[in-house]
Amino acid sequence: MRRQDTISGRRRRKAVWLALMTVLIGMYLLFPLVWMALSSFQDERVLQSRPPRVLLTPDIFTLDHYNFLLTGRMPETGIMVQAMYTMSGTYVLPSVVNSLVIAVTVTLGNLILGIPAAHAFARVRFRGNRTLFMALFATRLLPALSIVVPMFIIVSRIGLLDTKLALMVIYLAITLPFTLWLLRGYFAHVPRELEEAARVDGAGRFTVLWRIVLPVAKPGLIASAVFAFMLSYGEFPFALILTQSLASRTMPALMAGIGYYGSSRGMVAAASVLSFAPPLVLAALFRRQLIDGLTQRFE
Amino acid sequence: MPAGASTRAGSILAKPDHRYAAVSILPSVLVVFAVVIYPLIYAVMMSFRDSRMGVLGGFIGLANYARLFSDVEFRLAIVRTLVLTVIAVALVIVISLGVAMVVNERFRGSSFIKLALLLPYALPGTLSALIWRWMYDPSYGILNAVLYHTGFIKEYVTFTGDPRTAMGAIILAHVWKFVPYSAFLFVAGLSSIPPGLYEAARIDGASSLTIFRKITLPLLAPAMQLALIVQTVFAVLYHFGLVYIITGGGPGRATTTLPWYVYSETFRFMQFGRGSAAAVVLALIMLVFIYVYLVALSPKERTVS
């Protein structure tokens, strides 16, 4: 009897402790994001006052920042606020579109090139398979800043500065190794017998890949697509150096130059919320596949 | 396979499987190596050439490297990069392991934490830099407000403008963004430890600390190795955006790390040759890091998949 009491007591203490840790971890991970979201709806005068207001009460709530970013319309009140909406603010939406176009193209490229390659790496035994795979993966270790200068020279020499094409090709190359690594893991977990049975029936390698492997490895396809999208949507150093005009800037390159001191904090916060929307929506839609991919559950 | 298809011995492509492999793999290999290796060779070549003011000049051997290493700021940049990397990796590992152990208790909060982890992970780096700059703001930042009203500071502090705190500000922002990745790795590693081991140890009267040291850590070694490597790479690769947005390498040069040094030498001072030499050194340091990890921490068998 007594022993049971101590066990249930220990359980309760553990439950309390776990709840406490959950709250702490949740706050640590989420507070900066919540703070950004709240700021984006706050009146500029409130944002630039002490102490900061955390609760979003009706008297400080405003849609001015979003209104400006989405329509370019200045708020009617407050000359001070108008002056703080910087010109680059009107390029936020175009830059998000630029990044979306690039990221979607790169994602498709990853699947088109990555699927057959990963399957061959997973299934075909040939000399140097592992070495080649590791060599490809090793390119991920190279810091962007190590090749950004020659890249700038090469890209400007062939006249591709300020174009999406240059960034697409570069992003394809820097995302592919991870895609290959992830997909190879998923493909290796597809039961070999399934593939062999189909091949005995006379199906070619590509048919087997298309008809048998891909349907089974669908979570892996989704995960690697989302990862490739996120990486190319948020890439910064190459975008910074290879896009010079405001109109050609991708989201990260534009946002990096936005909101220096004296510009509207609310505008920057709202721009951040808008720019975060695409990867956020993807993460929410495909959370299962993402978490499985990150925890390497390749089933 | 139809007989006869593999009669052309000698050629690797003779066997249909090998042809399949070649057709499947070559495009990826070409894209990756062309885009990554060619500029890298280009950088090495540039580092041997005189190229002040952005015009490539003649071959000058190792002069760029000699000038580079005689520059105190360059040597300091290396030190700062190492400091940032070591502290950031250590913090990420400790925090993410803690988070993973909580998640591994498999209670109702586990899935909530996993979802919460996805958000900083999905947030593009530049946006996280903007958020943290806003939180560190010397006039209206939430961090100042909290510290001030809880009595930790007597007046508002310019975290990012003070050489003593600027690097810490960069590191904390980096850690926040990269904890999730390792946390997921550790969750995977922890879930592969059979629960029976813990029960047996507890029945034998082992303390939590002993269990952690004798069971959790050793069995987590493969995940730990991967986490260390990946986080080292992340720390070196991805702090550039934070420096660019939060401190601009300053105050003074307090946050001028190697990537920032490469950037500012090249694009601010137009020292292409010296910038390239620094870029090559950066790549080499990365190689050394990885090599040390692989040798020092190599378990008997490493299987990635």
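All chains are named by letter (A, B, ...) in the order of the sequence lines, taking the proteins before the strands, and each is independently numbered beginning at 1.
For B:Y238, the part sitting under 4.5 Å from any heavy atom of chain A is the side chain, from C-beta outward, and nothing else. Heavy atoms of B:V175 lying under 4.5 Å from chain A belong to its backbone as well as its side chain. Within the 4.5 angstrom heavy-atom criterion, only side-chain atoms of B:W132, from C-beta onward, approach chain A. If you measure heavy-atom distances from B:S24 to chain A, the contacts under 4.5 Å come from both the backbone and the side chain. Within the 4.5 angstrom heavy-atom criterion, no atom of B:L287 approaches chain A. For B:V23, the part lying under 4.5 angstrom from a heavy atom of chain A is the side chain only. Heavy-atom distances place the side chain of B:L127, and not its backbone, under 4.5 Å from chain A. Interface residue B:V36: backbone and side-chain heavy atoms are both found under 4.5 Å from chain A. When heavy atoms are compared at a cutoff of 4.5 Å, A:A135 approaches chain B by way of both its backbone and its side chain. Using a 4.5 Å cut-off between heavy atoms, B:A43 touches chain A through backbone and side chain atoms alike. Using a 4.5 Å cut-off between heavy atoms, B:T266 contacts chain A through its side chain alone, with no backbone atom that close. Within the 4.5 angstrom heavy-atom criterion, only side-chain atoms of B:I131, from C-beta onward, approach chain A. No part of B:V103 comes within reach of chain A, as not one of its non-hydrogen atoms sits under 4.5 angstrom from that chain. With a 4.5 Å cut-off on non-hydrogen atoms, B:Y148 does not touch chain A at all.
The candidate from A:L33, A:I170, A:L24 with the greatest count of non-hydrogen atom pairs under 4.5 Å with chain B is A:L33. Between chain B and the residues A:A120, A:P150, A:P177, the largest count of heavy-atom pairs under 4.5 Å involves A:P150. Between chain B and the options A:A269, A:G234, A:P279, A:P252, heavy-atom pairs under 4.5 Å are most frequent for A:P252. Ranked by heavy-atom pairs under 4.5 Å with chain B, the list A:F137, A:W35, A:F31, A:Y233 is led by A:W35.
Under 3.5 Å, the side chains of B:S128 and B:W176 contain no donor-acceptor pair of N or O atoms. A donor-acceptor contact closer than 3.5 angstrom is absent between the side chains of B:S47 and B:N64.
Salt-bridge check for A:R287 with A:D292: failed, with every basic side-chain N at 4.0 Å or more from each acidic carboxylate O. Between A:R265 and B:D137, at least one side-chain N (NZ, or NE/NH1/NH2) sits under 4.0 Å from a carboxylate O, which counts as a salt bridge.
None of A:L176, A:V169, A:I174 except one satisfies the side chain to side chain contact (heavy atoms under 4.5 Å, CB included) rule with A:L172; the exception is A:L176.
If you take OG on B:S28 and CD1 on A:I112, they are separated by 11.0 Å, rounding to the nearest 0.5 Å.
In this structure, B:R268 fails the cation-pi test against B:Y263, since its NZ or CZ atom is not both closer than 6.0 Å to the six-membered ring centre and inside 45 degrees of the ring normal. For the pair A:R130 and A:F121, the cation does not sit on the ring face, since its NZ or CZ is not both under 6.0 Å from the ring centre and inside 45° of the axis.
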